[in-house]
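Let me begin by presenting the structure, written as structure tokens, before commenting on it.
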Amino acid sequence: MTWAEIQPLLWQASIETGYMVAVSSALTAVGGLLLGVLLVLTGRGGLLATRPVNLVLGILINIGRSLPFIILLVAIIPFTRALVGTTIGTEAAIVPLTVAAIPFFARIVETAIREVDRDVIAAARAMGASRTEIVFKVLLREARPGLVAGLTITVIALIGYSAMAGTVGGGGLGDLAIRYGYQRFENTVMVATVVLLVVFVQLIQSLGDLIVRWLSRK
């Protein structure tokens, strides 16, 4: 293949990868943040300490984290088909990407929130702050650098997951690398996809580090 033929393929695959990662990252940020906060609130010493609920949440999250992505991708095919009507393409790939990333990010959220100084929380409670105010104005606010750093790690993981999704027709750079780089022995395509994935990761990491430094100064 000539470079003129490869360029449109790379452009389309990059758009598909960006779309998959962006949508699944947004869904993961919401779902993971909710689960992570619930883990902290229902845990020992939490504002809503409830051992059974915390135990169930922990087990579900651990199950999600224990499955390799490629196995999860295949295991939830019926769920993916029921949700989006197909198991092929970028829309279908978003489902397993999100399901795999939410438990991962939830644990990061839990860790970031638990690192918030307990004295700050105690001071807020002493001043009469409600539980909602403590969650949003103390816990999440103080944990912002850790949350952003964790989300950066999660987005980078999703880029890798999206490439694996390409092996089963998920579209994107992974699909392009398999169909042209591997099956058709187009080494130029393979090298180009690797370079683009590296560039994506570097850009996300740099942006995440920049935001973390800015939040830390504030």
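Here the structure is a predicted model, which is why all the values come from computation and not from measurement. Index from 1, following the sequence.
Using modelled atom types, no side-chain atom of Thr50 and backbone atom of Pro52 make a donor-acceptor pair closer than 3.5 Å. At distances below 3.5 Å, at least one donor-acceptor pair connects side-chain atoms of Arg144 with backbone N or O atoms of Arg141. Of the possible donor and acceptor atoms, none in the side chain of Gln202 sits under 3.5 Å from a partner among the backbone N and O of Val199. Ser206 places no side-chain N or O within 3.5 Å of a backbone atom of Leu203 that could act as its donor or acceptor partner. Between the side chain of Arg179 and the backbone N or O of Ala177, no donor-acceptor pair lies under 3.5 Å. Between the side chain of Ser162 and the main chain of Ile159, a donor-acceptor pair closer than 3.5 Å is present.
Considering only heavy atoms from C-beta on, Ile134 comes within 4.5 Å of Leu139 through its side chain. In this structure, the side chains of Phe79 and Pro96 stay at 4.5 Å or more apart for every pair of heavy atoms. Counting only heavy atoms from C-beta outward, the side chains of Asp117 and Glu142 never approach each other to under 4.5 Å.
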>> Could you walk me through whether Ile6 and Thr188 satisfy the side-chain contact (heavy atoms from CB on, under 4.5 Å) test, starting with their C-alpha distance in whole Å, then the side-chain angles of each, then the deciding distance to 0.1 Å, before giving a yes or no?
In response: CA-CA 8 Å; Ile6 294 173; Thr188 302; 3.7 Å; yes

>> Go through it in stages, so that I can follow the logic: the residues are Leu10 and Thr193, the test is side-chain contact (heavy atoms from CB on, under 4.5 Å), and I'd like the CA-CA distance, side-chain angles, deciding distance and then a yes or no.
In response: CA-CA 7 Å; Leu10 288 173; Thr193 55; 4.0 Å; yes

> After noting the C-alpha distance and the side-chain angles of Leu97 and Met20, does the key distance pass the side-chain contact (heavy atoms from CB on, under 4.5 Å) rule?
Replying inline: CA-CA 8 Å; Leu97 286 173; Met20 284 190 289; 4.0 Å; yes

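For Asp209 and Arg213, the salt-bridge test fails: no basic side-chain N is under 4.0 Å from an acidic carboxylate O.
Atom CG of Leu27 and atom CD1 of Ile94 lie 7.5 Å apart (nearest 0.5 Å). How far CG of Leu35 is from CG of Leu60: 8.5 Å, rounded to the nearest 0.5 Å. Interatomic distance, CD of Glu115 versus CD of Glu110, reported as 11.0 Å (0.5 Å rounding).
Nearest approach of Gly150 to Ile108, heavy atoms of both residues: CA-CG2, 3.3 Å. Of all the heavy atoms in Leu196 and Ser14, the pair that sits closest is CD1-OG, 3.5 Å. Closest of all the heavy-atom pairs between Phe69 and Ala165 is CE2-N, 4.1 Å. The two residues Leu39 and Gly58 have their closest heavy-atom pair at CD2-N, 4.0 Å. Closest of all the heavy-atom pairs between Phe105 and Leu147 is CE1-O, 3.9 Å. Taking both residues in full, the closest heavy atoms of Gly36 and Val109 are given as CA-CG1, 3.8 Å, listed atom of the first, atom of the second, then distance.
Hydrophobic clustering of Ile, Leu, Val, Met, Phe, Trp and Tyr side chains at less than 4.5 Å, counting indirect connections, unites Leu140 with Val120. Transitive grouping of hydrophobic side chains (ILVMFWY, heavy atoms separated by less than 4.5 Å) brings Val40 and Phe136 into a common cluster.
When only modelled atom types and interatomic distance are considered, Arg107 and Asn62 share a side-chain donor-acceptor pair under 3.5 Å.
Among Val30, Thr28, Leu158, the single residue meeting the side chain to side chain contact (heavy atoms under 4.5 Å, CB included) criterion with Thr98 is Thr28.
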